[in-house]
Every structure is written in structure tokens, then in C-alpha cells.
Amino acid sequence: MKSHANLYSALRRAFPTDLDAIAVETADTPAPLAYTWRDLERGSAMIANLLGWLELPPGSRVAMHVDKSVEALMLYLAVLRSGHVALPLNIAYQSAEIEYFVGNAEPAVVVCAPRHFGWVSKIAFKAGVAHVFTLGDDRTGTLLDRAAGRSDVHEVVPRQADDLAAILYTSGTTGRSKGAMLTHGNLGSNARTLHEAWGFAGREGRDVLVHALPIFHVHGLFVALHAALLSATRMVWFARFDPRATIERLRTATVFMGVPTMYVRLLAEPGFTREACAGMRLFVSGSAPLLAETFHEFRERTGHTILERYGMSETLMLTSNPYRPEDGERRAGTVGRALPGVSVRVVGDKGQLLPAGEVGGVEVRGPNVFKGYWRMPEKTAEDFTPDLWFRTGDVGRLDEQGVLTLVGRSKDLIISGGYNVYPAEVEGVLNELPGVAESAVIGVPHPDFGEAVVAVVIARPGATVAEDAAVAAVKSRIANYKVPKRVLVAGELPRNAMGKVQKNLLREQHRGLFAS
Ligand code: MLC
């Protein structure tokens, strides 16, 4: 049955019998709003019918550069059910970033925030995009205006498991982002796996998820959202993470998913107590390493043990600490065992399988692993082994029980507050600034973001570089989370005999920069 591979059909089947039950309630709109399951079905149907009316070729990309809202969620569902490909884009992206994504993905439709229409539409039309709509976070915009006249009944477009459902851009080592192609099969299998592994199965309609993550990345869009939709879980919907308001909503919730920065910020609140979390059954952390001290402090304060899991855009979720006590304990600093259906191995420099306890490259395989990078066959070939295991770029070791500990990354990645930042991209922007001869971007420990982006720059002869001006200039060119928290001017960069910048020395030199 072809239509059954469309992820929307699977999600829709899981809606409760009572479609008038609340599916989503907003927590930080000017007035609280409640959306029923019927609203999600009808709203996404109307947007899907609008997309259908545009007569786009099947598999067209629909770029979504919008603020978080329930209507943005409906847009995502509409793209799925209409058989097109969702292209979620971080709302913090600036024009050069959007220009690249639009040029590379060639979407047929771009939906943007009303306040960005001027510059986004210019980029889109120049790139040949036929349709640009706006969608505000206050139920305004041309997308909803145009969808309002459409039928609220829509037949889900049949898709095969291997058909694309979404493209998620991930930054590349060279600075060029790559579009990870995820299929309906990838998303569906991972959603079902988490549904079972994290105890959603059998609790249909009884969970309440506090959803405070952005919905343009894997964690908020696929992990949290799909888990909720597949189990008729009511969501409390925050457009922005606010620790105090979150704590209030946790009192009547059962599940929370966040990045370590969110846990650090919750713990900074005196009101975050055992009593505030009394009804909770699960706290999940991912997207960045959770410090052991956060793990332990959280347990002491709340009586709950955070479940840390590991995944990435290309593979969705790979490993997880155990949910059920009978499957073992959750261990700080580890990311648990491979999820059912997923295989994880650790290999040495020559690709040889390493025994338990030895550190090497982490490779993975499973129905969750993406189809490849959009229009980058060489890059795709490079990242898969001949026997089709995906090279994650992470470095780790497996113990005798198959529990994975990540110890580093072979790629030059910085993870700041759960967002990935590649130094090459930031260096590229810095090197373009007048007065900058060269730059080196590193990640250093940061009490809030885990790691913070820091730049060391060398001025051109006779020129001076002012930190504030450099930060401001970078800010106008790339997303805010990539902007260095500090730009330090130095006389020279440490280099090895080959002339390569020794970033380890820079990291060592500046590791105390944000000491709390
Ligand atoms: C915001 N800023 C950041 C930042 N987020 N800087 C560095 N790193 C970040 N992550 C900037 C802001 O622009 C602002 O700059 C300043 O830092 C302070 O902002 P803030 O108000 O304190 O930040 P806030 O808006 O509260 O955001 C923090 C956050 C957010 C943690 C809530 O970063 C966030 O939602 N992170 C989650 C990321 C995520 O979903 N990752 C999943 C990826 S999927 P200025 O100059 O404007 O003041 C993935 C796969 C997997 O990795 O396995 O999950």
C-alpha cells in the first residue's frame, strides 16, 4: 500500500478518536491558543490543497524560513501530505546563507516571515522561485490568506518509503552546507523506534510534552514532534525557550526534550525543584554533550535522571541511554546503546573494526540513515564506506555491553547551545572584513552554551581591527549563533612545521575565557 509510506498517513492514524481533544496549546502567544487534532488535520489539509493548486511537480522543495508557530507545524504537515519535500531553514539565517540554500535546493515555494519578505523574496525571485508566501507567528501572512479559501479535506498523496520527505542543511567542513536528504522511510522508522524505546507506546493520549525547541532542526522537528504526534501526546508549545515559564508548565507535563544549555538554564532557577517535576516521566537531552556535572546536579535537584541520546541530521537518532530500569542505568557521559534496528561500529584508521574499549571513528547503518547529500554525489560517496556504513565524523568507543561514549570529533566542529558551527564558514566571513589578514576560529568551554565560538584574527599590516566592529560586521552576514562571542586580535597564529594553524594551542590558551 503505497500511500502508507507517506509519513503523514502514519501520524494521522495515531491521532486520537476524539479529534476535538486538544493537540497543542501555546504557552507564549499574547493570548493562549488551543488547537485540536481536527485543527491540525484541517489546517494542514487547506495548506496542502493550496500547494496542490499550484500544480508543482512531485517532490518539489518547499522552503520554510519562518518563526515557530502552530501554523508553521501545519505547513510542515501540509508539505508531507502533499508529497513535497520540506526544507526547514533556521530563522536566524542571513541573506548570504538563504541565497546559498535557495540556490542549492531550488525550491518551488519559499515561505518566509512577513518581516523578511523584502530581502527573502528578492533572493527567491532572482533564483527563479515561482511562489513566495509569508507566514507570521500571529496567524497572519499570505500563506494562510491563500489557504483560507481551500477545502479542508485533502487526500494524502502516496509516497514510497524511499521518497524524499525533507532536506536538512548541515554545515560542512569546508564551509559549504550540505543538504541531508531524508526519506519518508527514514523519518517513519526513527519515529516508531523512539515511540517504543522511550515509552510513548501504550500511553496514547496520556503524555504532555513541553515543546520548547526550534522546529527547523532534527531535535525539535523530528524527535520531539514525531514522538508526540505518533502517540496523541498533547504539546505545550513555546516559540522561545524561557526557563521560568517552562518550569511552570512542567508541573502539569510528563515529557521534556532539550539541549544541554536548556538544562543548565533550568538548574539556574531556584524554582526548579523536585516538586515542580513531580509528574514528569522523561527528560531527554541531545544535540550537544551533556556535562556530567549537569547530569548529577539535575538528579540531585529533581530526582530525575536525564536520558542522553545521540543523533545527527544525516542519521536521525542512533543511540540512547535506557528508558526502562530493567535495561540498565543511564550513565553520565555516555550516549547509550544503538537503538533497535540501528547498527553502530567503531573503526580504526584503515577502516578495521576495533575491539571494545578502543577509540576510533563511529560508523552507523540502519533504516534511519539518510539517502545522501542533495546534488553532491562525490561528498555522499566520501562519507559512506564501500559496504555502505555512514561515517559520522564522531570519535568514540564501545564498551563490552555496546554502550557508546563519544570522546571527540574528527571534523573541526563546534557545538554551541546545540547548534553546529563549522570554523571554516566563520573564518571565511572574517577574512573578508577589511583589515583582517587571516583568522582562526575555535570553540572554548562556555558555562551556558557548552562551547562558545571565539575568533583569533591577525590584522593586515598598517590596519587595526576593532572587536566590536568585527562582531557587528559578522552579525550582519551569518546567523547569530555562529557569531564569535569574542574576536581577539593577535600578532600571529601558532603554526606547526607544515604551516598549519595549531588550533589545539589556541584552544588551550583561551580555555579560561568564559570561566564562570
Ligand atoms: C542564541 N545565541 C546563541 C545561541 N542561541 N549563541 C551561541 N549559541 C547558541 N546556541 C545568541 C543570541 O543570538 C544572542 O545574541 C545571545 O546568544 C544570547 O541569546 P539568548 O537569548 O540567551 O539565547 P536564546 O534565544 O535563549 O537561545 C538559546 C537556546 C537556543 C539554547 C534556547 O540556542 C536553542 O534553541 N538551541 C537549540 C538548538 C537546537 O535545536 N539544536 C538541535 C539541532 S539537531 P545577541 O548578540 O543577539 O544578543 C541536532 C541533532 C540532534 O543537533 O542529535 O539533536
Side-chain angles (χ1 to χ4, degrees), residues 28 67-68 88-94 166 168-171 180 182 187 190 194 210-227 238-246 256-266 268 284-290 294 307-320 335-336 339 342 362 364 368 370 392-394 404 406 409 413-422 426 441 443-455 467-468 470-476 478-487 514:
D28 54 2
D67 290 300
K68 185 176 174 184
L89 296 170
N90 194 321
I91 191 68
Y93 290 146
Q94 303 287 323
L168 258 66
Y169 275 89
T170 69
S171 319
L182 294 159
L187 299 178
N190 212 234
L194 298 180
V210 174
H211 193 300
L213 285 158
I215 56 166
F216 32 67
H217 292 299
V218 163
H219 200 164
L221 184 59
F222 301 144
V223 183
L225 202 62
H226 290 171
F238 280 94
R240 280 187 52 96
F241 173 67
D242 172 329
R244 277 191 206 170
T246 297
F256 179 79
M257 300 191 192
V259 297
T261 299
M262 294 178 172
Y263 289 107
V264 169
R265 292 185 183 184
L266 285 171
V284 174
S285 177
S287 313
L290 182 73
T294 311
L307 180 155
E308 186 171 6
R309 55 58 177 183
Y310 161 56
M312 55 202 296
S313 300
E314 289 92 334
T315 63
L316 307 170
M317 297 305 102
L318 292 164
T319 70
S320 170
V335 290
L339 284 158
V342 179
V362 177
V364 300
N368 50 305
F370 76 138
T392 62
D394 290 315
L404 180 67
L406 297 172
R409 311 169 198 123
L413 173 70
I414 300 169
I415 307 182
S416 175
Y419 286 130
N420 292 0
V421 182
Y422 276 95
V426 185
V441 167
V444 304
H446 189 278
D448 185 33
F449 292 120
E451 268 185 309
V453 178
V454 168
E467 175 162 9
D468 291 357
V471 169
V474 173
K475 220 174 198 174
S476 66
I478 47 177
N480 54 19
Y481 63 89
K482 300 177 190 170
V483 176
K485 300 284 178 218
R486 292 294 309 273
V487 174
F514 301 101

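Every number for a ligand or one of its atoms is a count from 1 in the order of the listing.
- Sorted by chain then number, the residues whose non-hydrogen atoms approach ligand 1 to under 4.0 Å are L213, P214, H217, V218, H219, R240, F241, V259, T261, M262, R265, S287, R309, G311, M312, M317, S416, G417, G418, Y419, F449, K475, N480, Y481, K485.
- The side-chain heavy atoms of L168 and E314, taken from C-beta on, include no pair separated by under 4.5 Å.
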message: Checking H211 against F256 for the ring-ring contact (aromatic ring centres under 6.0 Å, His included) test, could you report, in this order, the C-alpha distance in whole Å, the side-chain angles of both residues, the deciding distance, and whether it holds?
response: CA-CA 7 Å; H211 193 300; F256 179 79; 9.4 Å; no
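- Between Y419 and H217, the ring center distance clears the sub-6.0 Å criterion.
- Looking at residues two or more places apart in sequence or on another chain, you find no salt bridge (Lys or Arg N to Asp or Glu O under 4.0 Å) involving R240.
- In terms of modelled atom types and a separation under 3.5 Å, the side chain of T246 and the main chain of D242 share a donor-acceptor contact.
- A donor-acceptor contact under 3.5 angstrom links the side chains of Y310 and D394, judged on distance only.
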